Amino acid sequence: MDEKFVAEVKAKLLEQRQSILKSLADQSDEMKNLIKPIESGDEADMASDVIDRTMLDALGAQDSLRLQQIDAALERIRNGKYGICVCCNKEIPMARLEALPYAFLCVNCAAAQERRNR
């Protein structure tokens, strides 16, 4: 794998990682505000708060998953295994890695996994 490409991807992954961490911190602040006791409010206000909490939880879960994938990609870079499919050990095309820098499966293995998960 081209070292310049890997360095660019690493910078991109680190930038995405910082963005996610900031987003999670912001969501945490929003969650703290939502958790504050409601002094007065009707049922619509309480229902809205429940929906807001649910949405923040879902966004937080997605961000957490992507953060794990980014950390795993950074680890593969450190180990010299970045760009190699963890399933079949074939090289992942650079176009795929440009689109999804934390990809750990080649297109064929990702498609096979998706079919199994249906």
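Treat the numbers as computed from the prediction; the structure is a model and nothing was measured.
A73 and P101 get closest at one heavy-atom pair: CB-O, 4.1 Å. Heavy-atom minimum distance, G83 versus L97: CA-CD1, 3.7 Å. Taking both residues in full, the closest heavy atoms of C106 and R96 are given as C-NE, 3.9 Å, listed atom of the first, atom of the second, then distance. Closest non-hydrogen pair, A103 versus R76, comes out as O-NH2, 3.3 Å.
L21 and L13 end up in the same hydrophobic cluster when Ile, Leu, Val, Met, Phe, Trp and Tyr side chains are linked at under 4.5 Å. Linking Ile, Leu, Val, Met, Phe, Trp and Tyr whenever their side-chain heavy atoms come within less than 4.5 Å leaves F104 and M94 in two separate clusters. Hydrophobic clustering, with ILVMFWY side chains joined whenever heavy atoms are under 4.5 angstrom apart, groups I77 together with I20.
Under a 3.5 Å cut-off, the side chain of Y102 and the backbone N or O of L67 do not form any donor-acceptor pair.
In this structure, OG on S19 lies 6.5 Å from CZ on R66, to the nearest 0.5 angstrom. Annotation: the span from R78 atom CZ to L74 atom CG amounts to 6.0 Å, rounded to 0.5 Å. Here R115 contributes atom CZ and N117 contributes atom CG; the two are 11.0 Å apart, rounded to the nearest 0.5 Å.
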- Item | L105 and V86: CA distance, side-chain angles, deciding distance, side chain to side chain contact (heavy atoms under 4.5 Å, CB included) verdict | CA-CA 6 Å; L105 296 173; V86 298; 3.8 Å; yes
- Step by step, work out the side chain to side chain contact (heavy atoms under 4.5 Å, CB included) result for Q69 and L65. CA-CA 6 Å; Q69 292 171 333; L65 175 61; 4.2 Å; yes
Listing, residues 4-11 side-chain donor-acceptor contacts under 3.5 Å, not counting sequence neighbours, or none:
none

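No salt bridge links K12 with E15; every basic N to acidic carboxylate O contact stays at or beyond 4.0 Å.
I84 belongs to no hydrophobic cluster, as no Ile, Leu, Val, Met, Phe, Trp or Tyr side chain comes under 4.5 Å of its own.
Legend: residues meeting salt bridge (Lys or Arg N to Asp or Glu O under 4.0 Å) with E114, ordered by chain and number and at least two apart, are R118.
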